[in-house]
Asks: 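The following block contains the structure, expressed as structure tokens.
All values below come from the heavy atoms of this structure, side chains included, with hydrogens, waters and symmetry mates left out. Per chain, numbering begins at 1; letters A, B, ... match sequence-line order.
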Amino acid sequence: MKYTYYPGCSLEVSSRSYNDSALAVSELLGVELVELEDWNCCGATVYLSYEELISFSLCARNLALAEKYDRDLVVPCSSCYTSLMKTASYIQENADLRDKINQALQAAGLEYKGKVNIKHLLEVYIKDIGLDAIKSKVKRELKGLKVAPYYGCQIVRPLHGFDDPENPTSLDRLIEALGATPVYFPNKTSCCGSSLIATNEELAFRMQKDLLLCAAGNDAEVIITVCPLCHMALDAYQKGVGKMYGFNFKIPVLHFTQLMGLALEIPSRKLGIKTGLVPLNKALTAYI
Amino acid sequence: MEKKMSILVVDDEPIVCDSCKKILTEKGFTVETALNGEEALKTFKKGDFDIVIVDLKMPGIDGMEVLRSVKKSKPEVDVLMITGYGTIPSAVEAMKIGAADYVPKPFTPKELGQIISQVVEKRSKLVAEKAPKKGAILLDVFKKPPKVVYHPERVWVKDIKIEEALDENFLNQVRSTPGGERVMDCMQCGTCSGSCPLSYRMDYTPREINAMVRAGLRDEVLSSNSIWMCSSCYLCTVRCPRQIKITDIMYVLKNLAMKDKRFLKKAKSPLLSRYFVDIVNRYGRNHELELTLRFFLRTNPKAILKHSFMGLRLFLRKRFTLFPKRIKNINQLRTMVRKAEALGGLR
């Protein structure tokens with residue numbers, strides 16, 4: 001199966017291990033990811049706060065570029081996924097916005113007809129490839145590994161439709177397909193506060209503390225994420241959060257594609273397993 | 001022990017004053033006396049009396065004037081009129097003004113005692129009625145305070161001059177933007193505020209923001225920290241029983257606030273947005289290193305040291321690149337951005 005791939009700025013600049021592992025796992029599962037040529041930033045929450053029309057236009061440029069190919073657009077970052085999905089749906093719903101975006105696109109010699117189908121990478125694996133197919137490719141079952149499935153907010157909200165907005169289960173089922181055990185994790189869709197980390201660290205840390213406590217309290221040996229921003233928040237800031245609240249958190253955080261890669265026996269170097277700031281624990285090193 | 005009731009006896013006949021004082025002191029009251037109206041009013045002003053017994057007919061300031069004056073300054077004080085045989089009609093008149101009862105002269109100690117007991121009984125009943133009942137304090141919480149004070153976290157006690165505050169165009173701006181269409185459907189149930197992980201730190205909760213947008217309280221909304229606290233997790237949006245896209249309304253409000261420097265004094269987020277916009281317009285993509293450096297240089301230079309240590313660790317793990325990558329067709333992107341700007345944005 002061939003898809004157009006939109007990695008987004010974070011995967012290019014600060015979460016390269018997510019990009020590497022996503023490409024490696026996809027290749028093994030027969031998912032061909034062709035990078036969208038000359039893609040630009042989706043605007044994320046930050047540009048959208050500044051001026052919505054320009055931010056939507058930035059997304060529309062990506063959609064217009066993707067429309068040239070008759071393929072679904074795959075996005076591994078939840079923030080980019082929401083930005084692109086939101087733009088696509090508002091172009092359909094709001095005539096005034098559609099008109100203005102078309103004028104902006106036309107000025108740049110582009111056109112978007114509204115035909116691109118956007119999917120998150122997890123959605124592709126779960127829906128298009130299927131858990132049975134993934135299970136059949138598993139070479140090393142991650143038996144007994146206790147995994148906290150962290151979805152974050154923007155993969156299931158606002159109503160994207162591919163999983164429940166408050167109690168999603170796709171990641172849980174994927175973990176089971178890999179032979180590991182999803183732990184009880186009621187905070188699975190709580191916000192990680194990543195959009196506030198630069199402007200209000202104290203608030204963001206408080207939100208991350210709740211997440212880490214929930215994972216630690218349910219004996220998780222690893223947390224997996226579906227968004228580079230959630231990964232950064234929980235991995236890079238974990239030590240700082242622990243220091244602020246007096247906890248010695250040591251829970252490794254992996255991109256979900258890295259965990260899949262381990263079960264599919266992809267060499268750990270190719271997956272960038274050791275690039276996390278939280279050191280790996282015994283439970284994980286057993287599979288490397 | 002309860003405080004003794006205090007009585008002021010006023011009569012121009014010293015013998016009446018003395019006998020009253022004797023009878024009432026024996027019954028457990030604190031008693032003071034005055035021989036004329038002027039002295040009575042002076043004593044009354046200084047002391048804390050519960051009952052005043054005053055002779056109706058006195059030279060100078062008479063009983064009627066004393067009654068009026070007492071009732072004017074302390075309406076809760078009971079006044080008893082002492083009347084001679086010929087002055088009963090005046091006593092009735094006094095009752096109309098507010099006297100509690102009258103004592104016809106001459107009176108026996110027993111008669112005085114009876115009348116005083118009746119007044120005391122009536123007073124204690126009234127006091128009991130006025131005392132807060134069980135649950136009354138709870139009810140008070142929901143009542144608007146009688147004195148209107150500035151209380152930033154509760155909009156309903158704020159001293160707002162509605163005619164000045166109303167900005168109808170504000171509501172229309174919100175309604176005409178994607179996501180803001182349904183703001184009028186809000187029924188103030190508060191599900192959004194209850195769901196929001198950050199409402200506890202907001203000047204106004206999302207529910208209050210909705211109500212304020214509808215009321216046209218433009219300046220209060222746009223200068224509040226609520227709009228910059230929203231972390232865009234969309235929990236309010238998916239839970240709203242009226243399908244109001246509250247997160248999107250927050251974006252509309254951020255956009256509106258961005259256009260006016262008055263609203264951006266305290267918040268740091270607008271500055272981050274500006275730098276981000278600048279970087280994306282220059283390269284077509286974001287570059288986290290430059291964004292973080294510029295932002296912290298301006299807001300908190302000390303934090304750079306802390307972050308650079310983390311940055312170094314990430315760099316050593318080949319997690320991020322030092323130099324920004326510019327897209328090939330940056331001119332196409334800039335043309336598009338300029339056109340969108342020329343269109344005047346969404347509003």
Asks: Minimum heavy-atom separation for A:L48 to B:N255, with atom names?
Replies: O-ND2, 2.8 Å
Asks: Does any non-hydrogen side-chain atom of A:E51 lie less than 4.5 Å from one of B:E341?
Replies: no
Asks: Please determine, among B:A340, B:C233, B:P270, the option with the most heavy-atom pairs under 4.5 Å with chain A.
Replies: B:C233
Asks: Does a side-chain heavy-atom distance below 4.5 Å link A:V46 with B:Y275?
Replies: no
Asks: With a 4.5 Å cut-off on heavy-atom pairs, point out which of A:P158, A:C191, A:A108 contacts chain B the most.
Replies: A:P158
Asks: Hey, does A:T199 have a side-chain heavy atom less than 4.5 Å from the side chain of B:W228?
Replies: no
Asks: Please examine the side chains of A:E201 and B:K306, heavy atoms only from C-beta on, and report whether any two atoms are closer than 4.5 Å.
Replies: yes
Asks: Would A:D235 and B:R317 pass as an ion pair if we require N to O under 4.0 Å?
Replies: no
Asks: Nearest heavy-atom pair of A:W39 and B:I327: which atoms, and what distance?
Replies: O-CG2, 3.3 Å
Asks: With a 4.5 Å heavy-atom cut-off (strictly below), which parts of residues 185-198 of chain B touch chain A? List them by number.
Replies: B:P197, B:L198
Asks: For chain A, which residues from residues 309-316 of chain B have at least one heavy atom closer than 4.5 Å to it?
Replies: B:M310, B:R313, B:L314
Asks: Between chain A and each of B:K318, B:H307, B:R239, count heavy-atom pairs under 4.5 Å; write down the option with the most.
Replies: B:R239
Asks: Quick check for you: among B:M258, B:K245, B:Q332, B:K254, which has the greatest number of heavy-atom pairs under 4.5 Å with chain A?
Replies: B:Q332
Asks: Within the 4.5 Å heavy-atom criterion, are A:L58 and B:M336 side-chain neighbours or not?
Replies: yes
Asks: Tell me, out of A:A198, A:S17, A:A107, who's got the most heavy-atom pairs with chain B below 4.5 Å.
Replies: A:A198
Asks: Can you pull out the residues in residues 284-295 of chain B with any heavy atom less than 4.5 Å from chain A?
Replies: B:G284, B:R285, B:N286, B:H287, B:E288, B:F295
Asks: Using a 4.5 angstrom heavy-atom cutoff, name the option from B:L272, B:L333, B:T335 with the most pairs to chain A.
Replies: B:L333
Asks: Report yes or no: does A:S195 contribute a side-chain atom to a donor-acceptor pair with the main-chain N or O of B:S231 at less than 3.5 Å?
Replies: yes
Asks: Using a cut-off of under 4.5 Å for heavy-atom pairs, which of B:K325, B:R338, B:R201 has the most such pairs with chain A?
Replies: B:R201
Asks: With a cut-off of 6.0 Å (strictly less than), are more than 12 heavy atoms of other residues, nucleotides or ligands near OH of A:Y50?
Replies: no
Asks: Please check this pair: side chain of A:Q154 against backbone of B:S232, looking for a donor-acceptor N/O pair closer than 3.5 Å.
Replies: yes
Asks: Using non-hydrogen atoms and a 4.5 Å limit, figure out which bit of A:I54 sits close to chain B: side chain, backbone, both or neither.
Replies: both
Asks: Report the option among B:L235, B:I227, B:N329 that has the most heavy-atom pairs separated by less than 4.5 Å from atoms of chain A.
Replies: B:L235
Asks: Counting heavy-atom pairs under 4.5 Å with chain B, which one of A:P165, A:G8, A:C153, A:C41 comes out on top?
Replies: A:C41
Asks: For A:K86, which atoms come within 4.5 Å of any heavy atom of chain B: side chain, backbone, both, or neither?
Replies: side chain
Asks: With a 3.5 Å cut-off and sequence neighbours excluded, list the donor-acceptor pairs that the side chains of residues 203-211 of chain A form with protein atoms.
Replies:
{"unit_1": "A:R206", "atom_1": "NE", "unit_2": "B:Y200", "atom_2": "OH", "d": "3.1"}
{"unit_1": "A:Q208", "atom_1": "NE2", "unit_2": "A:C192", "atom_2": "O", "d": "3.1"}

